[in-house]
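Chain letters run A, B, ... following the sequence lines, proteins first and then strands; every chain starts at 1. Computed from a predicted model, the values in this text were never measured in an experiment.
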Protein chains: 2
Amino acid sequence: MSTATKTDVREKLLETAARLFYSQGYKDTGINQIIDEASVCKASFYNHFKTKEDLLIAYLERSHDQSMAALRQRLSQVSSPREQLRELFRCQAEKLEKSGFRGCPFMNTLAEVPGAEDKVRQVIGWHMSGQRQILEEIVSRVSRERGLGAQSSRLADDLEVVMTGGLMAARAQGNVAMLRHAQSMAERMLGLDES
Amino acid sequence: MSTATKTDVREKLLETAARLFYSQGYKDTGINQIIDEASVCKASFYNHFKTKEDLLIAYLERSHDQSMAALRQRLSQVSSPREQLRELFRCQAEKLEKSGFRGCPFMNTLAEVPGAEDKVRQVIGWHMSGQRQILEEIVSRVSRERGLGAQSSRLADDLEVVMTGGLMAARAQGNVAMLRHAQSMAERMLGLDES
DNA sequence: GTAAGTATAAACAGACCAGTCTGTCTGTCA
DNA sequence: TGACAGACAGACTGGTCTGTTTATACTTAC
């Protein structure tokens, strides 16, 4: 029988917290449930995280890193910007369905923790910028290919609105129909539907 | 000195709960704070509402009724569908700003109460349908005026995506820029930008 | 081999929560 | 006048929460 190492414990806590915070919400998940399910004792928990909110921030940072990495990895496997856009929507739809339509962890946190500390808001901001960056890259690739020129800044805004709207509408309705609709809107907007 | 009447008490509780649930969130608002701020004793509270969740449902129903009535009232004061669309976006922007970008009470509740009871989900569904209905009415008025014909079902979906996206993006960013952008997208989509 | 660091287990503190209960006071209506 | 409804006041229960503390075991680096 051996004792868990330091990184083991931290990773187990983060993994468990990610699962529970996302599926049950932050407020509805107690420290005790987290340490029980992670098989870590309470004192060890407080050895790694000063407070529960500390854990929330670490969870958000981790979610951000992981989701951006996963998304970029998926996008790098297709070549044309048209396919990238489709892949982007496919990823969102998959995540939404797999999560039982629980939606975006960051938006959920924003709703759940109104008086969120600056640090929490900051991480949420990072995530939004990261997502936006990906949209801008796709738009700029389309633009380079088809010479959309000065429109491309507006198009990135368009795309952000449509992506966000499709995601939130689908989440509220509990099915991906609106996300698919948003995808076809996005393709129309970028002139990728007729090529 | 006279005792508060039955409807007084209920109304005071609902008003206070609406304010606190919306600004602080459901979980972060305790019964004790509600009755303190409403100046109502606890037994009276439980005379009107069986549980805290009962109060949540009553709050959502009331929010739905009030917001739909207010919206319809505002929309009825302008004549052209073009102006109605503008008014719709203006209302959303005003509400968002006035609330300190706290967003939609229904989406927030959805995020905050993952294991929401059927009744809660039901009221949220009513609200979504109500909003959707208004969009459809505007689209159909535009369609009648300009003969968009068979496209109008798709246009209602488009409009829903854009409205939702603008609202959520603005909420996340903490300013109404994306909502204004969504408005111009909507006008373009319905051909109302050049007339 | 020993000291430092981190793990484990479990009790504990103190705040807060939803909801119950006992009892009193006031107004209305028959 | 008396019965009833619903207001008020507030103590109380049983439970949950975050976070602390104490005591003991294991691992690793010096």
Separation of atom [atom1] in [X] from atom [atom2] in [N], rounded to whole Å:
X	N	atom1	atom2	value
K42(A)	dA7(C)	NZ	C1'	17 Å
F45(B)	dA18(C)	CZ	P	9 Å
K52(A)	dA15(C)	NZ	C1'	15 Å
Y46(A)	dT21(D)	OH	P	13 Å
N47(A)	dT8(C)	CG	C1'	12 Å

Inset, instruction - Please list, by residue number, the residues of residues 23-36 of chain A whose heavy atoms come closer than 4.0 Å to an atom of DNA chain D; answer none if no residue qualifies. - result: T29(A), G30(A), I31(A), N32(A)

Inset, instruction - Please confirm whether K52(B) makes a cation-pi placement over Y46(B), using NZ or CZ under 6.0 Å from the six-membered ring centre and within 45° of the ring normal. - result: no

Inset, instruction - Return yes if a side-chain donor-acceptor contact under 3.5 Å exists between S99(A) and Y22(A), otherwise no. - result: yes

Legend entry - All pairs passing side chain to side chain donor-acceptor pair (under 3.5 Å) where residues 172-182 of chain A contributes a residue, at least two apart: H181(A)-D158(B)

Inset, instruction - State whether S44(B) places a side-chain N or O below 4.0 Å from either non-bridging phosphate oxygen (OP1 or OP2) of dC8(D). - result: yes

Legend entry - Donor-acceptor pair, side chain of E112(B) and main chain of K27(B), under 3.5 angstrom: yes

Please determine, for the side chain of [X], which listed nucleotide ([options]) has the closest atom?
X	options	answer
A43(B)	dA18(C), dA9(D), dG19(D)	dA9(D)
V40(B)	dT8(C), dG19(C), dC8(D)	dC8(D)
H48(B)	dA7(D), dG19(D), dG19(C)	dA7(D)

Inset, instruction - Output the distance between atom CZ (R141(A)) and atom CG (L190(A)), rounded to the nearest 0.5 Å. - result: 12.5 Å

Inset, instruction - Name all residues meeting the side-chain contact (heavy atoms from CB on, under 4.5 Å) criterion together with S63(B); count only those two or more places apart in sequence or in a different chain, and write none if there are none. - result: Y59(B), F106(B)

